[in-house]
Protein chains: 2
Amino acid sequence: MGRRSTHTPQQLRELILDAAQDIINVHGLAGLSAREIARRIGYSPGTIYNMFDNLDDVVLHVEARVLDALDKRLSDTLQGEGGADARVVRIAHAYLAFTQEKPRLWNLLFEHHMPAGSDLPAWYQQKLEGLMGHVERALAPHFPAGREADLQRASRVLWAGVHGITSLSTADKLSVVTTETAGRLIDDLVGTYLAGLPSPT
Amino acid sequence: MGRRSTHTPQQLRELILDAAQDIINVHGLAGLSAREIARRIGYSPGTIYNMFDNLDDVVLHVEARVLDALDKRLSDTLQGEGGADARVVRIAHAYLAFTQEKPRLWNLLFEHHMPAGSDLPAWYQQKLEGLMGHVERALAPHFPAGREADLQRASRVLWAGVHGITSLSTADKLSVVTTETAGRLIDDLVGTYLAGLPSPT
DNA sequence: ATGCCATGGGACGACGGTCGACGCACACAC
DNA sequence: GTGTGTGCGTCGACCGTCGTCCCATGGCAT
């Protein structure tokens, strides 16, 4: 089997990631297989292992795309007007909207674990910190200079809180939580938490 | 292959669940297979399908055990003394402690999805509501009679918030969150949220 | 024309789930 | 107590699928 050269390696990598992302978006991580990717792009399973270490590696790169999409989504919401609190609420709702539009892709970020012994790559952690940065910037007006530690903590608490609500909601494990009320729970969380923050003066 | 009669069907079911729980506790859901269970209990894979519909069914029953263990854990923490707020904090920390002691079993509750088309059984939802009930009872002093809807919402928000913190923390996806600081984030969440609640008068 | 090496077809072991055949343990007759 | 029949719990071979890896192949640079 000689070189085909109908696609450059770079094109091939993107073909594989496109196919993998589409499969996960429709059928979830469980529906992903090297063979299904190969079928869709008209190559054999072996080719995938030429371009990636293994399926986990493919999944990790799909996760990178999802993180980028989520980052773009949050960035876009920050363009609008409104006070500091309104921006926090907007970010939270943008996160919720993303999880509802692409539930399987978003779920991927949490249902996929690294094989034992290997940590998340550094670039992955950096993307996470970039996302957190949006929250920190929106929350900054609540904290005077010199309280960066408090700002960081509050950002993580709100981020994790919103994540918890959407997570349990999409898994249908909050009992009685419908799509509509997930938004209200987020409003409650953000509103009450911000109200409980020590005054910024 | 005749009847062995060394175990009653009930014993056999528990043998299977014991083995499955142990495998998941050590190797995670991905390490679970019908054959591995069979190897451990000295039966053939076919026997497992005699006692359970399929592997998902086995997993669901392991989840039931985990939910029961979590419920017992939370119940125990409510025996102690302390004001209303202290009890809320204690529940939250009990939840965190459980997730840290049995991270894979706890993760099981969220990484295992029902096969498409089938919902969670009613008894599962009831166990979830039982857990939520602990939070509601601890939070009740903050809400006057007649505000049950607000109480329910606040309970779900706090529950989901704590869940989000532990979830991102054990997945190592909060960046910079160590075991120690997960507890502090929970303290911050509960403290600030309770402070932001309208006064109960 | 030559030879290098990227390539992908196919082999391998293990998986979930099914099912027919087997043979033990018990009920019953005596 | 002994013998016998049989129901049903159990096994393990089977099917289609999986992730991964190897190496014969044959296009491309020289």
Side-chain angles (χ1 to χ4, degrees), chain A residues 1-24 26-63 108 111-118, chain B residues 1-17 19-21 23-24 26-63 108 111-118:
Chain A
M1 302 305 168
R3 188 174 313 196
R4 252 205 223 174
S5 83
T6 48
H7 295 109
T8 69
Q10 195 46 241
Q11 287 176 320
L12 203 39
R13 283 176 72 89
E14 286 177 10
L15 273 179
I16 291 170
L17 291 180
D18 286 345
Q21 182 168 336
D22 190 54
I23 292 167
I24 294 171
V26 174
H27 298 100
L29 180 56
L32 184 73
S33 77
R35 286 172 165 75
E36 179 61 23
I37 296 174
R39 266 190 291 272
R40 293 198 182 202
I41 65 175
Y43 281 79
S44 77
T47 300
I48 291 161
Y49 289 86
N50 285 330
M51 310 306 299
F52 295 91
D53 293 344
N54 47 47
L55 259 202
D56 275 326
D57 192 26
V58 175
V59 172
L60 204 61
H61 282 82
V62 174
E63 288 186 66
L108 174 66
E111 72 181 303
H112 178 244
H113 294 16
M114 287 288 91
S118 60
Chain B
M1 306 304 169
R3 184 180 315 195
R4 261 204 217 171
S5 83
T6 48
H7 297 110
T8 69
Q10 195 45 242
Q11 286 176 321
L12 201 40
R13 283 177 71 89
E14 286 177 13
L15 272 180
I16 291 171
L17 291 180
Q21 181 168 335
I23 292 166
I24 294 171
V26 174
H27 299 100
L29 180 57
L32 184 73
S33 77
R35 284 170 167 75
E36 179 60 23
I37 297 174
R39 265 190 291 273
R40 293 198 183 204
I41 64 174
Y43 281 78
S44 79
T47 299
I48 290 160
Y49 292 89
N50 209 290
M51 309 306 299
F52 295 91
D53 294 344
N54 49 46
L55 259 201
D56 275 326
D57 191 25
V58 175
V59 173
L60 205 60
H61 282 83
V62 174
E63 287 187 65
L108 173 67
E111 74 181 302
H112 178 244
H113 295 14
M114 287 287 92
S118 61

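- No engagement by B/Ile48 is indicated, since no non-hydrogen atom pair under 4.0 Å with the nucleic acid exists.
- Put simply, CZ on B/Arg13 is 13 Å from P on D/dT10, counting in whole angstrom units.
- Among the protein residues, A/Ile37 comes within range of no part of the nucleic acid, since none of its heavy atoms lies under 4.0 Å from any strand.
- Residues meeting the side chain to side chain donor-acceptor pair (under 3.5 Å) test with A/Asn54, sequence neighbours left out: none.
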Enumerate the protein-to-nucleotides 12-14 of chain C contacts in which both atoms are nitrogen or oxygen and the separation is below 3.5 Å.
none

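- Each of A/Asp53 and A/Glu36 was matched to the nucleotide of DNA chain D holding its nearest heavy atom; the match closer to the 5' end belongs to A/Glu36.
- Taking 4.0 angstrom as the limit, B/Tyr49 places a side-chain polar atom (N or O) nearer than this to OP1 or OP2 of C/dG17.
- Residues meeting the side-chain contact (heavy atoms from CB on, under 4.5 Å) test with A/Leu60, sequence neighbours left out: A/Glu63, A/Met114, A/Pro121, A/Trp123, A/Tyr124.
- Applying the salt bridge (Lys or Arg N to Asp or Glu O under 4.0 Å) test to A/Asp57 and every residue at least two apart in sequence or in another chain returns nothing.
- Across the protein-nucleic acid pair, A/Phe52 atom CZ and C/dT7 atom C1' stand 16 Å apart, rounded to whole Å.
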Between A/Asp56 and A/His112, does a side-chain contact (heavy atoms from CB on, under 4.5 Å) hold up when you go through it step by step? CA-CA 8 Å; A/Asp56 275 326; A/His112 178 244; 2.7 Å; yes
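- Between A/Met51 atom CE and C/dA6 atom C1' the separation is 11 Å, expressed in whole Å.
- Axis deviation across the helix from C/dA1-D/dT30 to C/dC30-D/dG1 amounts to 10°, comparing end segments of five pairs, rounded to 10 degrees.
- Proximity note for A/Tyr43 (side chain, C-beta onward) versus C/dG16, D/dT10, C/dG8: the nearest is C/dG8.
- Distances shown here put every side-chain N or O of A/Ser44 at or beyond 4.0 Å from the OP1 or OP2 atom of C/dG8.
- What separates NE2 of A/His27 from C1' of D/dC18 is a distance of 17 Å, to the nearest Å.
- The ring pair (Phe, Tyr, Trp, His ring centres under 6.0 Å) check on A/Phe52 picks up A/His61, with sequence neighbours excluded.
- A/Gln21 CD to A/Glu14 CD: the interatomic distance, rounded to the nearest 0.5 Å, is 11.5 Å.
- With rounding to whole Å, B/Asp57 atom CG is found 15 Å from C/dG16 atom P.
- Remark: A/Glu111 pairs with A/Leu29, A/Asn107, B/His113 by the side-chain contact (heavy atoms from CB on, under 4.5 Å) rule, at least two apart or across chains.
- One can place CD1 of A/Ile16 at 10 Å from P of C/dG8, the figure rounded to the nearest angstrom.
- Counting all heavy atoms, side chain and backbone alike, B/Leu32 lies closest to B/Ile23 at CA-CG2, 3.9 Å.
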Show the atom names and distances, to 0.1 Å, of all donor-acceptor pairs under 3.5 Å that link a side chain in residues 33-40 of chain B to residues at least two apart or in another chain.
| residue | atom | partner | partner atom | Å |
| --- | --- | --- | --- | --- |
| B/Ser33 | OG | B/Glu36 | N | 3.0 |
| B/Glu36 | OE1 | B/Arg39 | NE | 3.2 |
| B/Glu36 | OE1 | B/Arg39 | NH2 | 3.2 |
| B/Glu36 | OE2 | B/Arg40 | NE | 3.1 |
| B/Arg40 | NH1 | B/Asp22 | OD2 | 2.8 |

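- Computed from coordinates, the A/Asp56 CG to D/dT20 P distance equals 7 Å when rounded to whole Å.
- Of all heavy-atom pairs between A/Val58 and A/Leu17, the closest is O-CD2, 3.7 Å.
- Judged by distance alone with a 3.5 Å cut-off, a donor-acceptor contact links the side chain of A/Asn50 to the base of C/dG8.
- Using a 4.0 Å heavy-atom criterion, one finds that A/Leu12 contacts no nucleic acid atom at all.
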